[in-house]
Amino acid sequence: MSVKDRPNRQEMPCQAPEERIRNFREVALGYTEEQAVLEAQRCLQCKKPKCRDGCPVEVLIPEFIQAVAERNFAEAAAQLKEKNALPAVCGRVCPQESQCESKCIIGIKSEPVAIGRLERFVADWEMAQEGQMAKEKCTSATSTVSPKGKKVAIIGAGPAGLTCAADMARLGYDVTVFEALHVAGGVLMYGIPEFRLPKAIVEKEINTLCQLGVNVQVNMVGGKTFTVEELQQKGYEAIFIGTGAGLPNFMGIPGENFCGVFAANEFLTRTNLMKGYDFPNALTPVRAGSKVAVLGAGNVAMDAARTALRLGAEEVSIVYRRSEKEMPARAEEIEHAHEEGVQFKVLTNPVEIVGDEQGWVKGMRCLRYELGEPDESGRRRPVAIDGSEFFMEVDTVIVAIGQGPNPLVTQSTPGLELNRKGTIYADEEGRTSLEGVFAGGDIVTGAATVILAMGAGKKAARAMDQYLQSK
Amino acid sequence: MYPIVKKVVLSSAVKEFEVRAPMVAEKAQAGHFFIMRANERGERIPLTIADYDREKGTITTIIQELGASSTLVGQMEEGDEILDFVGPLGVPSEIELFDGPTVLVGGGIGIAPIFPIARALKAAGNEVISIIGARNKDLLIWEEKMASVSDKLIVCTDDGSYGRQGFVTDALKDLYAERGKLAAVWAIGPMPMMRAIANVTRPWAVKTIVSMNPLMMDGTGMCGACRVQVGEETKFACVDGPEFDGHLVDFDLAIKRLAIYKDQEKRALAALEHKGGHCGCQ
Ligand SMILES: Cc1cc2nc3c(=O)[nH]c(=O)nc-3n(C[C@H](O)[C@H](O)[C@H](O)COP(=O)(O)OP(=O)(O)OC[C@H]3O[C@@H](n4cnc5c(N)ncnc54)[C@H](O)[C@@H]3O)c2cc1C
Ligand SMILES: Cc1cc2nc3c(=O)[nH]c(=O)nc-3n(C[C@H](O)[C@H](O)[C@H](O)COP(=O)(O)OP(=O)(O)OC[C@H]3O[C@@H](n4cnc5c(N)ncnc54)[C@H](O)[C@@H]3O)c2cc1C
Ligand code: SF4
Ligand code: SF4
Ligand code: FES
Ligand SMILES: [Mg+2]
């Protein structure tokens, strides 16, 4: 069969848009066994699989897909877990179209193999077997390595820190993770909504890590409850910093502190981490208003817009100063947002947020833009159109224009070299300017993706092991 | 989990708690706060570290029951365990040796957070004059503790049931008239009271520090809920504060921001009472 004659890629079954905007249940429902097998059979089992080059954690892609094609799902799960500590998460939120699937050979002539969806199918299948496999694998993983009797500390329990922790535990180190919030998971728990990544799934994957012997301590703020130096004094011989990019940016325009203007982080954290969608059973309130403008067009903006709809907002718009082509969000999220009725007000940007006497937002003064010459990022620069000012009536503004690194740990760690934007300087393997201190994920790269953070955690674990062996 | 080792009922809606949290006690300083969550249902609420005992590993705080989450805490008893307790958070008070008297003004339960600052200023060798006020005698807290760290203590009640009758602002004006020069003023209490103190001291050009209590959630600079307008700048009270220059803070906006969730807060309290407080949820 030539590549062109391959069957089409299996569609992902989804909740219907008109139904799903009224609930917080997962939008994408996952492949059935039949669909998964059919999709797996599309894979050519390349000798030199290009897809793997596109995966930052080097998942054994053809191997696990082969097992799916043969209906040997347990084997598929084992292959997957070999490299990926959080497959149910990655299968849902990886930007596959720009990672593994962008390299798949079939993608040249036809649609690439749905690697992410297969990954999700296998991970979910395994969880449905009540995690029995996971337990067996964990105990065998811990018992095959002799404990090294060395303590390592991980600061921040996001994907970077958790991946690093899992690998270090597998290597036999005594691993403690220190997390500022009351749960582990980072953005997976507080940022990405339930309807895209159910929290029960994140919790299950994290529990699997704990079974590796990782000790997770919550309510511990680096730079406040403890410092890097104190951890060293307490005998932690290597330390990994994975504190993410959690500091929300604002536009710096007048009116940003009016009531009804929220950082996406606040809006999403109230809804997800604090379960505001279940208010007042959960006591943390969240407020969407009725006419909502979301500033920005990345994953965070799409999540905020779709969350606002589900909380009952009547009209939700993405306001973005470039065009839809330049939007940084995953293609699937943009598509889902369209389907759900989110409006896209592109080539538009606010210059002022206007409030009423009670201090509440009543609208934004906006300008229209057109695209000019490409800027240093290669994207065409938006240029304001003279005399295009207009007033947009809204009662809620959600700011989702990016996040910077949180300075709590970096400020309290003398000698730790930083980049210009306050991110931690680290080499390819995660070594920082301080001996025995490693870093990775968003705190090094600035806001990026789950899988890149995991890749960084993995590389750093390798470097930490080397460092500790040679010490 | 963080056990409550001691509870004192100061008045029907004001309770004092001593909680075991050794890691927080180890690092606590004047001006710090912490964030707690009573149980799975509760919000993350910020409270000031009113006292600490490093040896016992405990933190003391005074909480006023206002809405659902503080009521949930108020109903807890000795021996109960708090689910989450994180800190110390915020920037500690800047304690130095001032050239002249330092004045500490505490209103209502704001007296509790002013105590550790008074104690630290005293320990640094300052002359400490404290002005504490409450609506009436029954609502006055920590008079003895404040007396123990003050060179002079002025007590005011709105209704005159104890101490001098009137507001803390009046006592402060009289003090200024008497002394002519004050080195620094700290004011902690309800926002309107802090605004009033800042307005009183502005013409005197006396350094005036207030402790802002905006809505908060994470307390680590992640959510931006705690934004306060200070002069031209936006500050995050949880990591840049909570203490700010009282002459620069936009109190009017801060007071409005406190009411963002007013309607939901009423519903939350109603839902809590309906379920019978903390028994309904555990
Ligand atoms: C709403 C939203 C949607 C997103 N959607 C996607 C998506 O679909 N696909 C994708 O690939 N990426 C997505 N991203 C980006 C992705 O989530 C991040 O790139 C990734 O989580 C980074 O991982 P990390 O481990 O570096 O940091 P984080 O996930 O940010 O975790 C850092 C952890 O460190 C903790 N911490 C911070 N400071 C301290 C301290 N001082 N002491 C102790 N602990 C501390 C934090 O509480 C947090 O738990 C999204 C991000 C957001 C906000
Ligand atoms: C740094 C800091 C230190 C604080 N220290 C203390 C303390 O030592 N003792 C104490 O009793 N309270 C303190 N507070 C206030 C306390 O956090 C709130 O009273 C509490 O969160 C109210 O929660 P609730 O659900 O019971 O009330 P809600 O029903 O949520 O609110 C009722 C009303 O109280 C006000 N309120 C709500 N949240 C806050 C808040 N975070 N801060 C101030 N007012 C709020 C609002 O006007 C609201 O309308 C402090 C706040 C901050 C930010
Ligand atoms: S982890 Fe992400 S990039 Fe790697 S194979 Fe899975 S979906 Fe692709
Ligand atoms: S490149 Fe595509 S076809 Fe080849 S092994 Fe990878 S997934 Fe299969
Ligand atoms: S409380 Fe979230 S940033 Fe201050
Ligand atoms: Mg509340």
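Because the structure is a prediction, the values reported are computed rather than measured. By convention in this document, chain letters (A, B, ...) are assigned in the order of the sequence lines, proteins followed by strands, and residues within each chain are numbered from 1.
If you measure heavy-atom distances from Tyr2(B) to chain A, the contacts under 4.5 Å come from the side chain alone. Only the backbone of Glu256(A) comes within contact range of chain B, with at least one heavy atom under 4.5 Å from a heavy atom of that chain. Of the atoms belonging to Tyr190(A), it is side-chain heavy atoms, and not backbone ones, that fall under 4.5 Å from chain B. Residue contact with chain B, scored on non-hydrogen atoms closer than 4.5 Å, involves the backbone and the side chain of Asn257(A) alike. Residue Phe85(B) touches chain A through its backbone alone, counting heavy-atom pairs closer than 4.5 Å. Using a 4.5 Å cut-off between heavy atoms, Met217(B) touches chain A through its side chain atoms alone. Of the two parts of Leu408(A), only the side chain, counted from C-beta on, holds a non-hydrogen atom closer than 4.5 Å to a non-hydrogen atom of chain B.
Here the closest non-hydrogen pair linking Gln264(B) and Val286(A) is NE2-O, 3.1 Å. Here the shortest heavy-atom pairing between Thr220(B) and Ala180(A) reads CG2-CB, 4.3 Å. The minimum heavy-atom distance between Arg227(B) and Ala263(A), with the atom names listed, is NH1-N, 4.4 Å. Closest of all the heavy-atom pairs between Ser69(B) and Leu283(A) is OG-CB, 4.2 Å.
Contact count against chain B (heavy-atom pairs under 4.5 Å) is highest for Val261(A) among Val399(A), Val261(A), Asp278(A), Leu273(A). When each of Val228(B), Asp218(B), Leu253(B) is scored by its heavy-atom pairs under 4.5 Å with chain A, the top score falls to Leu253(B). Your options are Gly260(A), Gly359(A), Gly252(A), Pro248(A), and the one with the most heavy-atom pairs under 4.5 Å with chain B is Pro248(A). Most heavy-atom pairs under 4.5 Å with chain A: of the set Gly224(B), Ala68(B), Ala259(B), Ala225(B), this distinction falls to Ala225(B). The candidate with the highest count of non-hydrogen atom pairs below 4.5 Å against chain A, out of Lys256(B), Met222(B), Arg257(B), is Met222(B).
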Next on the checklist: Could you walk me through whether Glu26(B) and Glu230(A) satisfy the side chain to side chain contact (heavy atoms under 4.5 Å, CB included) test, starting with their C-alpha distance in whole Å, then the side-chain angles of each, then the deciding distance to 0.1 Å, before giving a yes or no?
Outcome noted: CA-CA 12 Å; Glu26(B) 174 86 33; Glu230(A) 285 162 3; over 6 Å; no
Item to check | side chain to side chain contact (heavy atoms under 4.5 Å, CB included) evaluation trace for Arg37(B) with Met274(A) | outcome: CA-CA 11 Å; Arg37(B) 201 164 66 118; Met274(A) 305 311 297; 4.0 Å; yes
Next on the checklist: Using side chain to side chain contact (heavy atoms under 4.5 Å, CB included), reason through Asp263(B) and Arg287(A) one step at a time and then give a plain yes or no.
Outcome noted: CA-CA 10 Å; Asp263(B) 296 343; Arg287(A) 187 187 171 284; over 6 Å; no
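Heavy-atom neighbours of Glu229(A) CD from other residues, nucleotides or ligands within 6.0 Å: at or below the threshold of 12.
Considering CD of Glu266(A) and CD1 of Ile260(B), their distance stands at 7.0 Å, rounded to 0.5 Å.
Side-chain atoms of Asn219(A) and Met23(B), non-hydrogen and from C-beta on, never get closer than 4.5 Å to each other. You'll find the side chain of Cys259(A) stays beyond 4.5 Å of the side chain of Tyr261(B), heavy atoms only. With a 4.5 Å cut-off on side-chain heavy atoms, Pro285(A) and Glu43(B) count as touching.
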